[in-house]
Amino acid sequence: MLLPADPKAGYLSHKNELDDAIREVLESGWYILGEKVASFERNFSKYLNVASCIGVASGTDALNLALRASGVQYGDKVITVSHTAVATVSAIDWIGAIPILADIDPQTFTINPQEVEKILEKNNGASIKAIVAVHLYGHPADMYSLSEISEQYGVALIEDCAQAHGAMINGLKVGSFGTCGSFSFYPTKNLGAFGDGGAIVTNQQDILSQLCLLKQYGWRKRYISDSNGYNSRLDELQAAVLDCKLKWLDLDNKRRRDIASYYTKEFSDLPIETPIEIPNYHHVYHQYVVKVKKRDQLHQYLKMHGIGTAILYPVPVHLQPGYSKRVEIIDDGLLVTPRIANEILCLPIHPGLSDSDISNVVNSIKSFFG
């Protein structure tokens, strides 16, 4: 079965170097908050051109701590989207804040700044402390518009970069625009670890100071908690893997973009709506997401022909039982979000795909449409 994502292929393509990095950690005897974590934090900061990076245990933790460090507290409201991984909303809910869900742009699937502004205007900014902008599927959200809105209303702007490692707007990498940016290193991400891992990046020293306290029990001095905090630490093994893989990220992203370009060209005469890339935006194609009316039939057809696809995300968060009563929706609700959820399909796209794999996907889809 051809998989929509294949982290094992990423390991095998650089097996010797990754094995050496893991062995070095194992033989060092130092497994938590050592030099490998510090090295990755330095290198990832440099890659993104941001001042600071803090490694944490997961992408969900990264969002949670970013919100806390930005001043979001129990009972505050945070604007985000329903068309996202549930982790985005879960992180807001976890700290006792209330997610207010805005609709998305029908072409990029990212948060619509006009809808964000409507929510802020209706609430006069009251109780709303932050916006979480998800750079979904590898395409950046409209950070210039969102930055203006966040400044106008005095709310924090958190970037959820879990699907957009290396994505850019006008040459500036995502994660560098907002109050802080959060990253996931789940194994299938563009930059993935061999387990869970995450990071928060920021250019603000006060945010960095809060993050250093929050990630480890509120300690400034070991065993003395100056404030309350968590236990959320990126471990040495994952940091060593990530430091290795960071060197190949841009090349891997280029391969994703080349595959996407080929798909888009080959599907141009089919009843498929292919992804767009806004001018001066750099899409890194964590997913290649098409819109198609016969989505479910195509999904099953490709499965029967040995091609795995994914539906991300089949049910918007506001319609899921665990969150339907824990979120707010303003006025006439979300018009674009439910429609998108019924039409999208993620095709295989990762650096491990061979040219013959890609041709197989294209030919199978052409065969489906006859």
Side-chain angles (χ1 to χ4, degrees), residues 50 59-60 62-105 108-136 139-164 167 169 172 174-184 200-204 206-207 210-211 281 316-318 323 326-331 333-334 336-337:
V50 295
T60 307
L63 274 173
N64 175 291
L65 299 182
L67 289 162
R68 283 288 304 274
S70 301
V72 178
Q73 300 179 11
Y74 184 92
D76 289 338
K77 296 182 178 182
V78 178
I79 301 173
T80 193
V81 290
S82 185
H83 184 63
T84 182
V86 73
T88 307
V89 176
S90 172
I92 298 167
D93 179 73
W94 190 24
I95 61 175
I98 302 167
I100 303 183
L101 303 180
D103 216 346
I104 56 174
D105 180 277
T108 66
F109 310 133
T110 59
I111 193 167
N112 187 330
Q114 294 178 331
E115 298 299 316
V116 172
E117 194 158 24
K118 285 180 185 177
I119 292 171
L120 286 162
E121 287 175 351
K122 186 172 183 64
N123 285 262
N124 295 317
S127 301
I128 297 176
K129 301 298 183 184
I131 302 163
V132 176
V134 183
H135 303 302
L136 197 67
H139 193 291
D142 182 353
M143 293 309 299
Y144 289 120
S145 296
L146 292 168
S147 295
E148 290 179 4
I149 292 168
S150 70
E151 289 178 13
Q152 178 183 349
Y153 286 89
V155 299
L157 178 56
I158 312 299
E159 298 178 67
D160 182 343
C161 309
Q163 301 185 12
I169 307 173
L172 301 175
V174 299
S176 65
F177 290 89
T179 309
C180 45
S182 65
F183 288 82
S184 167
I200 309 152
V201 299
T202 185
N203 286 311
Q204 299 185 23
D206 59 334
I207 298 292
Q210 287 297 309
L211 290 171
Y281 281 56
V317 178
H318 73 285
Y323 289 94
R326 303 182 70 85
V327 300
E328 289 187 8
I329 299 172
I330 302 300
D331 292 338
L334 307 175
V336 177
T337 295

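Model, not experiment: these values are computed from the prediction. Basis for what follows: all heavy atoms, side chains included, without hydrogens, waters or symmetry-related copies.
- Residues Tyr144 and Pro113 have side chains not in contact (no heavy-atom distance under 4.5 Å, counting atoms from C-beta outward).
- For the atom pair NE2 (His83) and OG1 (Thr88), the distance works out to 11.0 Å, reported to the nearest 0.5 Å.
- One finds the OG atom of Ser127 at 9.0 Å from the CD atom of Glu328 (value rounded to the nearest 0.5 Å).
- In this structure, Ala102 and Val116 approach most closely via the heavy-atom pair CB-CG2, 4.3 Å.
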Next on the checklist: Between Met143 and His135, is the side-chain contact (heavy atoms from CB on, under 4.5 Å) condition met? List the steps.
Outcome noted: CA-CA 10 Å; Met143 293 309 299; His135 303 302; 3.5 Å; yes
Item to check | side-chain contact (heavy atoms from CB on, under 4.5 Å) between Tyr281 and Val174, intermediate numbers included | outcome: CA-CA 10 Å; Tyr281 281 56; Val174 299; over 6 Å; no
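- In this structure, Pro316 and Leu334 have side chains that are not in contact, with every pair of non-hydrogen atoms separated by 4.5 Å or more.
- Among all heavy-atom pairs drawn from Gly178 and Glu159, the shortest one is N-OE2, 2.7 Å.
- For the residue pair Ala130 and Leu67, the shortest heavy atom distance occurs at CB-CD2, 4.2 Å.
- In this structure, Thr60 contributes its side chain and Ala91 its backbone to no donor-acceptor pair below 3.5 Å.
- Between Leu146 atom CG and Ile131 atom CD1 the span is 6.0 Å, to the nearest 0.5 Å.
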Next on the checklist: As a quick check of understanding, evaluate side-chain contact (heavy atoms from CB on, under 4.5 Å) for Leu63 and Ile158, giving each step before the final call.
Outcome noted: CA-CA 8 Å; Leu63 274 173; Ile158 312 299; 4.1 Å; yes
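- The shortest side-chain heavy-atom distance between Val72 and Ile92 does not fall under the 4.5 Å cut-off.
- Between Val132 and Ile111, the shortest heavy-atom distance links the atoms O-CD1, 4.2 Å.
- Considering only residues two or more places apart in sequence or on other chains, Glu117 meets the salt bridge (charged side-chain N to carboxylate O under 4.0 Å, His left out) condition with none of them.
- With sequence neighbours left out, the side-chain contact (heavy atoms from CB on, under 4.5 Å) criterion links Thr108 to Asp105, Thr110, His139, Ile276, Ile278.
- Scanning both residues, Leu157 and Ala133, for their nearest heavy atoms gives CD1-CB, 4.3 Å.
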Checklist entry - Can you check side-chain contact (heavy atoms from CB on, under 4.5 Å) on Leu120 and Ile79, steps first, answer last? => result CA-CA 9 Å; Leu120 286 162; Ile79 301 173; 3.8 Å; yes
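- The closest side-chain heavy-atom distance from Asn123 to Ile119 is below 4.5 Å.
- Side-chain contact between Ile330 and Ile100: present, with at least one pair of heavy atoms (C-beta onward) separated by less than 4.5 Å.
- The closest donor-acceptor contact from the side chain of Ser82 to the backbone of Val317 lies under 3.5 Å.
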Checklist entry - Which is it for Glu121 and Lys118 under the salt bridge (charged side-chain N to carboxylate O under 4.0 Å, His left out) test, yes or no, and what are the steps along the way? => result CA-CA 5 Å; Glu121 287 175 351; Lys118 285 180 185 177; over 6 Å; no
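- To the nearest 0.5 Å, atom NE2 of residue His318 and atom CG of residue Leu101 are 7.5 Å apart.
- Looking at Asp142, its side chain never comes within 3.5 Å of a backbone N or O of Asn112 through a donor-acceptor pair.
- From Ile200, atom CD1 reaches atom CZ of Arg68 across 11.5 Å, with rounding to the nearest 0.5 Å.
- Between Ser70 and Ala66 the shortest heavy-atom distance is OG-O, 2.8 Å.
- The backbone N or O of Ala162 lies less than 3.5 Å from a partner atom in the side chain of Asp160, making a donor-acceptor pair.
- The shortest distance between side-chain heavy atoms of Val201 and Ser176 does not fall below 4.5 Å.
- Ile169 has its side chain within reach of Phe177: a pair of non-hydrogen atoms, C-beta onward, lies under 4.5 Å apart.
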